[in-house]
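First up is the structure itself, then whatever we jot down about it.
Numbers restart at 1 for each chain; the letters A, B, ... are given by sequence-line order, proteins then strands. These values consider heavy atoms only, across backbone and side chains, with no hydrogens, waters or symmetry-generated copies.
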Amino acid sequence: MSDPKSAPKTDPRTDAPAAGEAGPEQKPRDFIREVIEEDLRSGKHARVATRFPPEPNGYLHIGHAKSICLNFGIARQYGGTCNLRYDDTNPSKEDVEYVDAIEADVRWLGFDWDDRKYYASNYFGPLYQFAEELIQKGLAYVDDQSAEEIRVNRGTLTQPGKPSPHRDRTPAENLDLFRRMRAGEFPDGSRVLRAKIDMASPNIVMRDPTLYRIRRAHHHRTGDAWCIYPMYDFTHCISDALEGITHSICTLEFEINRPLYDWVLDHVSVPCHPRQIEFARLNLTYTVMSKRKLLQLVQDGLVRGWDDPRMPTLAGLRRRGVTAEALRLFCERIGVAKRDSQVEVELFEHCLREDLNTRARRVMAVLRPLKVVIENYPEGQVEELDAAYFPDDPPKMGYRKVPFSRELYIERDDFMEEPPKKFFRLAPGREVRLRWAYLLKCERVVKDPATGEIVELRCSIDPHTLNQNPADGRKVKGTIHWVSAAHALEAEVRLVDRLFKVERPGEERDFLQDLNPASMEVLPAARVERSLSEAAAGERFQFERVGFFAMDADSRPGKPVFNRIVSLKDSWARIAKAEAGK
RNA sequence: UGAGGCGUCGUCUAAGGGUAGGACGUCAGCCUUUGGAGCUGAUUAUCUAGGUUCGAAUCCUAGCGCCUCAGCCA
C-alpha cells in the first residue's frame, strides 16, 4: 500500500489539485490559465481575482455553468477569489426574482463567494463621479441627438460616422447638462452622455459610445434614486477595477468591446487595470441557450416552467436529477478555447452516466407493466428475496428485501410473441432469468379476444434456480426486471428526453418548429418496487436496465413521481435498428 | 467589399520547430444474473497553395471559409 501522504490525489471531478501538487511541470489546462500562470510567474500579479457577472434578467443555464466553473474554478485552483457581481445597469429588464435564483444555482453547483456579493448598482455613485471626470477631461459630452440620429450618424461597417453637432461643447457646458440630466430636468431619451473617442474608428464600438442614458425606471436595488443609468461598457470595466479583479473573463462577443474596456480604464482614476480575456461560449446540440428563447418557452407554456426537467437551465437540470458533480465534470471535459464550437449532447449524457453509475442505488421499476402469472407458484405465498443496491460492490450500499409472489409485472418490451433473432428476452416457450430470483418460462399468451392485445402471460418457474444456475447446465441469455404485482407501488414516470429533435434548433426554420413532441413522455401507471416507498424527493436511483431517475417534488405519499435523468445505453436498440435497416 | 477573432478526427480538445495525443461518438471483440458497468482493439484530422527549414499543425506570404460588431441591451 502506498503512503497516502506521498501520493496526493487529484479529484478529476473538481479542478482542485491537492495542496502542493501544482508544480512547475503541471501544465495549465487552457489558454486562460496559461495567461494567469504567466502573470503570476512574472510578478505582474501576486494573487488572482475573477468574477462571475450575471445580469439578473433570467435564469442561469448550462452555458453559465461553464463560466461559473471557469471563474470560480480558477480562483479555487490558484488560491484566489471570485466575486459574484450582478450586472444590474438596466432597471427595465432586471428583477430580484432572478437574484435569488442565481444564488441558489451557483451554490448548488458547488461554489461560494463568501461575503463578496456585489452589485454594479452599488457603484452608481462612483460611476457618476468617473463620468464627470471624463467630462472635465474633455473626453465625454452630452448629446441632444435622438437615438435615430445617433444611429444614422454612427455610419456603417464600411463608412465612417459623422460627428454630432454637440460634440464640441465645452466641459463646463457638458458638466452643467450632465448634472441636469441627473437632476431629472430632461425627459427620457432626450439626451445621452457619450465618450468622445473617434467617429471614424474602424471599430464601431469606438465611435463615441453611449455612456449614460436617461431612463425613469424603478431599479430593483436603488429604487427611484436615479433617472440616469450607466451603460455596460462604462460600468463593467470600472466595476472590475474597483473590485481589484485581475482577469476579467467573458465570452467572445465582447472581444470587439475590449478596446473600449481599456479606453475607459485608461482615462479614469481607477486603482488598477484588469485584463479582459474572451473565450467561446458553450453551445450544445439538441438545445437552445439564448435567454430570449428560453423565456419564450416558459412564457408560451411550452414547458412547465424555468425548472422543467427538459430545460437546460440549472434549475431544470437540478430538478431533472442531474448532479452538480456531473455538471462540473462536463465543464471540465469540454475544455476552454476561443473557437466557436457545438458540443454534442452525448458527451453531457456520458458525464451523467459516469457520475450516476457510481452513486445511484439499483432498484427495479416496470415502466409499461405486463402481467405475469406463475402457474406453478402457490397462491398467497410470498418470498422476501435479498437484492443488493449496488451489485458491482454489494457492501457499498447494502441490501433490501424484494417480495416475490405468484403474480408479477414485467416490462412489455421484454416480451415478444415473435422474437427477431438476437432478441434474448421472453417469448413463447422461452426462458429468462428474473433478476434476483428464478428462471421463468413463458407457457402461454393470453390475449383480449376482442382486440388481440396481449393482456397476460402464463408462466412457470424452475424452483431450483433461485440465485443459482440450473443443474442440467442449460443457459439463459436474458435477465429481466420485475415487480410483485401485489406489493409494487404505482408511480408516475416522466421519460425526459431532448427538448428538440434536431441538432441545431432554429437553423432551418423557427426553433419552435424543431421542438421534440416526445420530449417528455408521461407514464402514469408504472410500477416500482416496494422499497421505493421510503424514497425522498431528490433521491436518485438506477432503474435497472432502464436508466437513471430522480424522485420529483410532485411526488405524493403513495404516488411517487420520477424523472428520467438519462437512459442507460441501450445496445439492443442499436441492434434492433440495424436489423430493421437491413 | 471596415475592424476584430477563429480554422486539428464526426464532435470537443492537446501538441507551440522534432512520434499529431486524449475524451465523446462509431464499429468489432471479451466479460456479464442490468443487452448497464468494465476490459481489448479498430476507425478517422492539421482549411488551401506557396515559402523558410535537415524537419512545419506550429514560423512567413497569399488565398479560402466561419464567427462577432452599426442598442439609449449585456
Side-chain angles (χ1 to χ4, degrees), chain A residues 27 29-30 34 53-55 57 87-90 92-94 143 145-147 150-152 154-161 188-194 200-207 209-215 228-229 231-233 235-236 250-259 278 280 282 285 291 333-351 353-354 357-358 362 364 391-392 422-425 432-437 439 465 467-469 476-481 503 542-548 567-576:
Chain A
K27 290 207 170 141
R29 289 196 319 279
D30 56 70
E34 247 170 56
E55 182 186 13
N57 71 341
D87 235 331
D88 56 348
T89 57
N90 186 354
S92 39
K93 285 191 176 178
E94 295 147 8
D143 195 351
Q145 294 182 107
S146 68
I150 289 179
R151 187 181 64 75
V152 169
R154 184 151 29 225
T156 68
L157 295 179
T158 50
Q159 294 172 313
D188 285 13
S190 61
R191 286 175 222 260
V192 292
L193 182 73
R194 289 229 257 169
S201 171
N203 181 351
I204 293 186
V205 169
M206 299 298 272
R207 316 237 264 234
T210 302
L211 266 21
Y212 267 89
R213 74 280 214 190
I214 304 171
R215 178 104 100 221
I228 58 172
Y229 291 95
M231 300 287 290
Y232 165 85
D233 285 308
T235 308
H236 199 87
C250 63
T251 45
L252 244 31
E253 67 269 24
F254 292 101
E255 204 154 26
I256 199 85
N257 299 55
R258 180 158 23 100
E278 310 86 10
L282 171 66
T285 56
K291 279 184 182 177
R333 291 275 167 89
I334 58 177
V336 178
K338 286 199 76 160
R339 66 168 142 159
D340 293 308
S341 62
Q342 177 117 1
V343 176
E344 293 176 333
V345 76
E346 286 84 351
L347 177 58
F348 181 57
E349 294 171 346
H350 169 83
C351 292
R353 294 189 185 104
E354 181 173 326
N357 183 50
T358 61
R362 271 60 168 171
M364 292 194 286
D392 290 344
K422 293 185 183 170
F423 180 86
F424 42 85
R425 281 117 92 157
V432 294
R433 162 70 58 184
L434 288 175
R435 180 69 155 157
W436 305 117
L439 256 36
T465 55
N467 283 324
Q468 61 181 14
N469 289 320
V476 291
K477 203 103 190 272
T479 298
I480 65 171
H481 58 277
E503 282 197 6
Q542 184 194 102
F543 291 173
E544 284 201 82
R545 305 209 305 130
V546 179
F548 293 97
S567 68
L568 253 30
K569 284 214 283 189
D570 187 353
S571 50
W572 162 244
R574 275 200 350 247
I575 293 167

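Rounded to whole angstrom, the span from the CD atom of A/E346 across to the P atom of B/rC27 amounts to 12 Å. Per the geometry, CD belonging to A/Q542 stands 14 Å off C1' belonging to B/rG38, to the nearest Å. In this entry the distance linking CD of A/E253 with C1' of B/rC6 reads 14 Å, nearest Å. If you measure from atom CZ of A/R435 to atom C1' of B/rU34, you get 5 Å, rounded to the nearest angstrom.
A/Y229 comes within 4.0 angstrom of no nucleic acid atom, judged by non-hydrogen atoms across all strands. Here A/E94 lies out of heavy-atom contact (under 4.0 Å) with every strand. Looking at heavy-atom distances under 4.0 Å, A/D392 makes contact with a base. A/I575 comes within contact range of at least one nucleobase, with a heavy-atom separation under 4.0 Å.
Residue A/R545 has no polar side-chain atom (N or O) positioned under 4.0 Å from OP1 or OP2 of B/rU33. A close approach under 4.0 Å does not occur between any side-chain nitrogen or oxygen of A/R333 and OP1 or OP2 of B/rG22. Proximity of A/S571 to the phosphate of B/rG36: a side-chain N or O atom is located under 4.0 Å from OP1 or OP2.
Between B/rC64 and B/rU1, the two P atoms lie 7 Å apart (nearest whole Å). Remark: the separation of the P atoms in B/rG55 and B/rA20 is 16 Å, to the nearest Å. Nucleotides B/rG22 and B/rG17 are separated by 22 Å at their P atoms, to the nearest Å. Separation of the C1' atoms belonging to B/rU68 and B/rU34 is 49 Å when rounded to the nearest angstrom. The same atom, P, is picked in B/rC39 and in B/rC31; the two are 16 Å apart, to the nearest Å. Comparing B/rA37 with B/rG25, their P atoms sit 9 Å apart, to the nearest whole Å. Atom C1' of B/rG7 sits at a distance of 24 Å from the matching atom of B/rU43, rounded to the whole Å. Distance check on atom C1': B/rU26 versus B/rC9 gives 12 Å, rounded to whole Å.
Using bins of under 30°, 30° to 60° and over 60° for the plane-to-plane angle, the ring pair A/Y232/A/F254 lands in the tilted bin.
Here the side chain of A/P202 is nearest to one of B/rG25, B/rG35, B/rG2, namely B/rG2. Comparing B/rG71, B/rU34, B/rG16 by their nearest atom to the side chain of A/E34 picks out B/rG16.
Nearest approach of A/Y212 to A/M231, heavy atoms of both residues: N-CG, 4.2 Å.
No side-chain donor-acceptor contact under 3.5 Å links A/S341 to the backbone of A/V343.
With 3.5 Å as the limit, one finds no donor-acceptor pair spanning the side chains of A/D87 and A/T89. A side-chain donor from one of A/E354 and A/H350 sits under 3.5 Å from a side-chain acceptor of the other.
Two rings, from A/F423 and A/W572, have their centers less than 6.0 Å apart.
For A/R425 against B/rG35, a side-chain N or O and a base N or O form a donor-acceptor pair under 3.5 Å. The base of B/rG10 sits with one of its N or O atoms less than 3.5 Å from a complementary donor or acceptor on the side chain of A/E344. For A/N90 against B/rG71, no side-chain N or O and base N or O form a donor-acceptor pair under 3.5 Å. In this model, a side-chain donor or acceptor of A/R433 finds a partner on the base of B/rU33 within 3.5 Å.
A syn base is found at B/rG71: its glycosidic angle is within 90° of 0.
Of the nucleotides present, B/rC24 is the one that pairs with B/rG10 by Watson-Crick or G-U wobble criteria, both distances under 3.5 Å.
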